[in-house]
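I have placed the structure first, in the form of structure tokens, so that the comments after it can refer back to it.
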Amino acid sequence: RRFATQALYPPLSQAPTLDAEWYRSPQQYELERGRIFWTQWHCVGASGQISSPREYITETIAGWPIIVQRAREEKELSKDSPPTTLRAFHNLCRHRAGPLALPQDTPTLNEKQPNCGKSPINGFKCRYHGWTYAESGELKGTPHFNDKWPEDTPAEQKEESQRTTCSQCSPPALDPFDKADLGLYPIEVREEMGLIFVRLHSEKAIEKGLKPPLPLETAQKIVVPFETAYEDMMTYLKDANLEEYQFYSSEIHELECNWKTYVDNYSEGYHIFVCHPDLNDDISAQGDYRVEVSPSGRSMRHVVPLREDAASASTGIWVFSYPNLAVNVYGNGLSIERMVPLTPTRMAIKYLYMFKPGTSQEEIDLSIAGSAQLTLEDKEIAEQVQANLSAGIYTASRYSPRHENGTYAFHKAVWQACNV
């Protein structure tokens, strides 16, 4: 890996960009799954999407399916329950890895959020063999798992089954096992600013026997508390009052590019005057436009000056937080934008659109349409860039200190995680 033998990442004025191999290599992708997506906090939804008990969100983070459920009120739970009413787990049954919820589960809460549903029980039920779990993740029921022999079963068949595993004979009687050993694997969950965040790395899950995708000592060097992870973003958004916005809809756009290719694009405004002509008519992309990187390097804010004759753009807040979350606030609306890896060369942009109460339908439609147009323009250039990154001719280049300081900060964070 580029820079792998150097103790420190080069400064902005000297550093080359990440090598093209980082954008196409299956080995690099697997490294990032463990070093970045397993260890970092991720936004998976808005609080308003699951406001009632038993409602849940399903999501997949770099290939790991997870589920977050709104549990009953604290007073209805046991005294040993955590202080939050959210519970989050890996979306798999401990029997034979069946899902606790499926994409086609019905009823979904509404057509605008297809990854949300409501559990038929207070807890979870496997969609494969029907094992049931409490809201705490404790295994409760294993239906028909150790049924008794039918009364008319010949004694010799029962005896034979204890000595052989032939397909014509019933299996031997099950040795007792402790259900406490087969509870769901938990993940960390937080609810802040009207949003829901999770972290896959969980000491509690490891205590239950989960084997993380990277050495524990390595994970402990990379993992940071939630407050550290999002302190800079929350500072940038402290006056935005995200809790005032209500969930409206979600959209997913799949792109044929590495997830970093798209984040690179978001991290700079250098491309706007070429790739976004309508937006460029409203802002001064080559004038006072700048990207402000936070002291920790984990977050960045786009400072977007308007032209005097701006027709449609409005002042707003555009903030990115490592590794893959953007919050775009504009007027009476905002979008939560997540850049989710699917394969080494495919990713998805997952949007949550939220608006203040009383926002007109016309304004909502215009905001979402504008977002869709910008996404289409970014998708086109990102996929073309990825094609060149994958072709094997391009290797690396240099950063513009004026325009690509945000890209440099993002690359530095990725490199540091991969070189611990």
Side-chain angles (χ1 to χ4, degrees), residues 2-3 8-20 22-23 232-233 235-236 255 257-308 310 313-330 335 337 339 347 349 370-371 373-389 394-416:
R2 184 171 290 274
F3 310 137
L8 297 174
Y9 196 78
L12 173 59
S13 60
Q14 301 173 11
T17 57
L18 290 180
D19 194 283
W22 285 50
Y23 294 83
D232 295 338
M233 171 171 271
T235 298
Y236 285 139
L255 282 69
C257 68
N258 182 273
W259 71 280
K260 297 188 299 299
T261 305
Y262 187 84
V263 175
D264 290 353
N265 181 76
Y266 187 94
S267 67
E268 47 92 351
Y270 191 26
H271 67 285
I272 291 176
F273 78 104
V274 176
C275 300
H276 301 301
D278 290 341
L279 179 61
N280 191 60
D281 287 343
D282 290 323
I283 68 173
S284 180
Q286 298 306 306
D288 297 326
Y289 190 114
R290 60 187 173 88
V291 175
E292 176 185 306
V293 178
S294 67
S296 72
R298 294 186 65 93
S299 294
M300 62 187 78
R301 177 170 68 102
H302 290 252
V303 180
V304 185
L306 299 180
R307 299 183 188 275
E308 292 184 2
S314 61
T315 56
I317 306 172
W318 292 267
V319 177
F320 173 85
S321 189
Y322 175 81
N324 64 335
L325 173 65
V327 180
N328 312 302
V329 186
Y330 39 85
S335 66
E337 185 176 359
M339 301 79 165
M347 56 89 64
I349 308 169
S371 173
Q373 179 60 34
L374 288 175
T375 300
L376 180 63
E377 293 166 354
D378 283 329
K379 177 179 186 292
E380 181 178 347
I381 190 62
E383 291 183 338
Q384 292 172 344
V385 168
Q386 183 62 50
N388 284 334
L389 290 169
Y394 176 91
T395 53
S397 186
R398 298 292 297 275
Y399 300 100
S400 163
R402 166 68 177 82
H403 297 290
E404 295 171 313
N405 58 316
T407 312
Y408 167 82
F410 170 63
H411 286 183
K412 182 178 179 179
V414 170
W415 180 89
Q416 288 175 329

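Here the structure is a predicted model, which means the values were calculated and not measured.
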**Message:** I want to check something: taking the side chain as every heavy atom from C-beta on, are Asn405 and Val291 in contact at a cut-off of under 4.5 Å?
**Reply:** yes
- prompt: Regarding His403 and Tyr289, is there a side-chain donor-to-acceptor distance under 3.5 Å anywhere?
  reply: no
Can you check whether Ser397's main-chain N or O pairs, donor with acceptor, with Thr17's side chain at less than 3.5 Å? yes
Exercise for the section: Evaluate the criterion ring pair (Phe, Tyr, Trp, His ring centres under 6.0 Å) for residue pair His411 and Tyr399; output intermediate values, then yes/no. Expected result: CA-CA 11 Å; His411 286 183; Tyr399 300 100; 5.6 Å; yes
In terms of heavy-atom contacts, Arg398 and Pro16 come closest through CD-CA, 4.1 Å
message = For a side chain to side chain contact (heavy atoms under 4.5 Å, CB included) check, start with the C-alpha distance between Val319 and Met300, then their side-chain angles and the critical distance, and finish with the verdict.
response = CA-CA 6 Å; Val319 177; Met300 62 187 78; over 6 Å; no
Quick one: are Thr261 and Tyr23 in side-chain contact, heavy atoms under 4.5 Å? yes
Taken to the nearest 0.5 Å, the spacing of Leu12 CG from Arg402 CZ works out to 12.5 Å
Tightest non-hydrogen contact, residues His271 and His276, listed as NE2-NE2, 3.3 Å
Separation between CG (Leu325) and OG (Ser299), nearest 0.5 Å, reads 8.5 Å
Should we say atom CD of Glu292 is surrounded by more than 12 heavy atoms from elsewhere, each under 6.0 Å from it?
yes
Here the gap from Thr395 atom OG1 to Leu18 atom CG, rounded to the nearest 0.5 Å, amounts to 12.0 Å
- prompt: Under the 3.5 angstrom rule, does the side chain of Arg290 hit a backbone N or O of Gly269 as a donor-acceptor pair?
  reply: no
Smallest heavy-atom separation, Glu404 atom then Tyr270 atom, equals OE2-CD2, 4.0 Å
Value for CG (Leu376) from CD1 (Ile381), rounded to nearest 0.5 Å, stands at 12.0 Å
Could you check whether any side-chain N or O of Lys260 sits under 3.5 Å from a backbone N or O of Trp22, counting only pairs where one atom can act as donor and the other as acceptor?
yes
| query | Would you call the rings of Tyr9 and Trp415 parallel, tilted or perpendicular, where under 30° means parallel and over 60° means perpendicular? | reply | tilted
Those residues at least two apart in sequence (or on a different chain) that pass side-chain hydrogen bond (donor to acceptor under 3.5 Å, both in side chains) with Tyr266 are Asn328
Contacts of Phe410 meeting ring-ring contact (aromatic ring centres under 6.0 Å, His included) (sequence neighbours excluded), chain-then-number -> Trp259
Of all heavy-atom pairs linking Val293 and Ala409, the shortest is CG1-CB, 3.8 Å
Separation between CG (Asp378) and CD (Gln373), nearest 0.5 Å, reads 10.0 Å
(request) Answer whether the closest heavy-atom distance between the side chains of Leu255 and Glu383 falls below 4.5 Å. (result) yes
Original post:
Quick one: do the Thr407 and Glu268 side chains pair a donor with an acceptor below 3.5 Å?
Top reply: no
Residues Ala15 and Tyr408: closest non-hydrogen pair is CB-CE1, 3.8 Å
Practice problem: Determine yes or no for a side-chain-to-main-chain donor-acceptor pair under 3.5 angstrom, with Thr375 supplying the side chain and Ser371 the backbone. | Solution: yes
Between Glu377 and Lys379, is the closest basic N to carboxylate O distance under 4.0 Å? no
Practice problem: For the pair Ser335 (side chain) and Glu337 (backbone), establish whether a donor and an acceptor sit closer than 3.5 Å, ignoring hydrogens and angles. | Solution: no
For Tyr394 and Asn388, the nearest pair of non-hydrogen atoms, with its separation, is CB-O, 4.4 Å
So OG of Ser294 and OH of Tyr236: to nearest 0.5 Å the spacing works out to 5.0 Å
Residue set satisfying side-chain hydrogen bond (donor to acceptor under 3.5 Å, both in side chains) with Tyr322, at least two apart, ordered chain then number -> none
